[in-house]
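Worksheet for the structure shown next.
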Amino acid sequence: MANYSTNEFKQGLKIMQDGEPCVILENEMVKPGKGQAFNRVRIRKLLSGKVVEKTFKSGDSVEGADVVDVELAYLYSDGEFWHFMNNETFEQIAADDAAVGENVKWLVEQNVCTLTLWNGKPINVTPPNFVELEIVETDPGLKGDTAGTGGKPATLSTGAVVRVPLFVQIGEVIKVDTRSGEYVSRVK
Amino acid sequence: MSFTDWRPTASWETLKIRADMLKRIRAFFADRNVLEVETPLLAHAGVTDLHLHNATTRLQGPGLPKPTTFYLQTSPEYAMKRLLAAGSGAIFQIGKVVRDDEISRRHNPEFTLLEWYRPGFTDDDLIAETDRLLQVLLGTAPADVLTYQAVFLQVLDADPLTPEGIAMIRRELETRGYGDALATEEEPDVVLQLAMSVLVEPAIGQTKPCVVKNFPASQAALARIHKDDSRVAHRFEVFYQGLELANGFWELTDAHQQRARFERDNAQRIARGLAPQPIDERFLSALESGMPDCAGIALGFDRLVMLKIGARSIEQVLTFPTLRA
């Protein structure tokens, strides 16, 4: 993997730090008029998710991280791995529990997800921003309540639990924003 | 590349404030009989400073039969000192300068510098005049004036003029997560510069400007060594609200010492794998012929406007920053 000099630093650049691939969130040069320049960067570690600050002497180089995002369709889970496929090449790849993490509850077969690969291995799975899922369990709501005040919890087919308006019933399909985990609308 | 970003980044209101501040600076110096001058942006030599990078261009024409490298000046210092040596008396200049490899929310590679020289002044006299100018332009309270040693003792409880103190400062930087920046660095001045930028600066000059004087002799630049303490130089800087605003010297007038400093810069450049830079021999000739005893200062005008309007980024005070010029 290539090395990057501090002058190439920008938001989104993937670099190695402390043995972990990281993405640069912010980069700022600090320079006394007659003194050495430094780059202060905020980075997110892509394995632990931790955000940390680092300072480099300007002109120094750091190792780049071979991190790419690919769009793959979710196929199925065998209990240990979650399998995805490239819809053009039909190449398959398996992501483990650590990569899928919390997002397991938004995985819907055939949906195209973004997989972050480090050295070709999935380290993160991001579902589409919106998914449609069926409600498998919720309290029967009050008839005629359309204001949706308060709402109620509903369990979806993947096991995800979201708050829905009172009028939404078991068996209905709803649209959910996976970034916030919030109900958006019913799907006809 | 998208060219839809053709509009100015400063508001009209800011540009009017900027114009008004230029007017007031000119009035300030007119009242004090300081002559406004203009010196070349392009010169046959640049600076040897380790941490300043001249942009260059090539010119040709009658008298220049072959394309010849010219250096865009990082400050008008050498040319203004030639004027002083030629008998100008007190002078000031408001002009563009260029520093390569400096882009941030506080830096634009091309920026406006206010620089002035006062024959007969010491650094303390010039500190007082600079403070007065800030009071006039920004309405600030009288500045704090502290020595470099005192600010480090105050903020970090470590003496920047002793090897033990510098070792303490280095450990403090490492403790606070700045170790990576120093991994390949042994130079005490770089340790001090980092500490100044990230630890000291945020702690000083917040409610009123802070002048830090008596910089270490190893960072004297073009200042004379202190008359009572050879560990420090008659160099000062002005800090206000997180911005390094100005750098001033009780000027070195000794041509011999000046040449030795240029040569030391170039030796350090070579040691760091940087190209040595040509020395401005006309400037040295002027010093040899005799420059009057004087103090001089360079003040970042764009940063002055930033302070005036409370801007977070230098773009807010420029018509078109370099990245959309």
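In what follows, chains carry the letters A, B, and so on, assigned in the order in which the sequence lines appear, proteins first and then strands, with residues in each chain numbered from 1.
The neighbour count for B:R272 CZ, taken as heavy atoms of other residues, nucleotides or ligands under 6.0 Å away, is above 12. Counting non-hydrogen atoms of other residues, nucleotides and ligands closer than 6.0 Å to CD of B:Q206 gives a total above 12. For A:E137, the CD atom is loosely surrounded, since the number of other residues' heavy atoms within 6.0 Å does not exceed 12.
Heavy-atom distances place no part of B:E201 under 4.5 Å from chain A, backbone and side chain included. For B:L173, no part lies under 4.5 angstrom from a heavy atom of chain A. Contacts of B:R176 with chain A are absent, with no heavy-atom separation under 4.5 Å from either backbone or side chain.
Per-residue heavy-atom pair counts under 4.5 Å with chain A were compared for B:D49, B:T184, B:L192, B:V47, and the maximum is reached by B:T184. Interface remark: of the candidates B:R99, B:R105, B:H107, B:H107 forms the most heavy-atom pairs closer than 4.5 Å to chain A.
A search for side-chain hydrogen bond (donor to acceptor under 3.5 Å, both in side chains) contacts involving B:Q219 returns B:D189, not counting sequence neighbours.
Annotation: residues 56-84 of chain A contacts chain B through A:F56, A:K57, A:D60 [non-hydrogen atoms, separation under 4.5 Å]. Identified by a heavy-atom distance below 4.5 Å to chain B, the contributing residues of residues 27-48 of chain A are A:E28, A:M29, A:V30, A:K31, A:P32, A:G33, A:K34, A:G35, A:Q36, A:F38, A:R40, in residue-number order. When the heavy atoms of residues 100-115 of chain A are compared with those of chain B, none of the residues falls under 4.5 Å.
Proximity of B:D180 to A:T55: side-chain heavy atoms (C-beta onward) are nowhere separated by under 4.5 Å.
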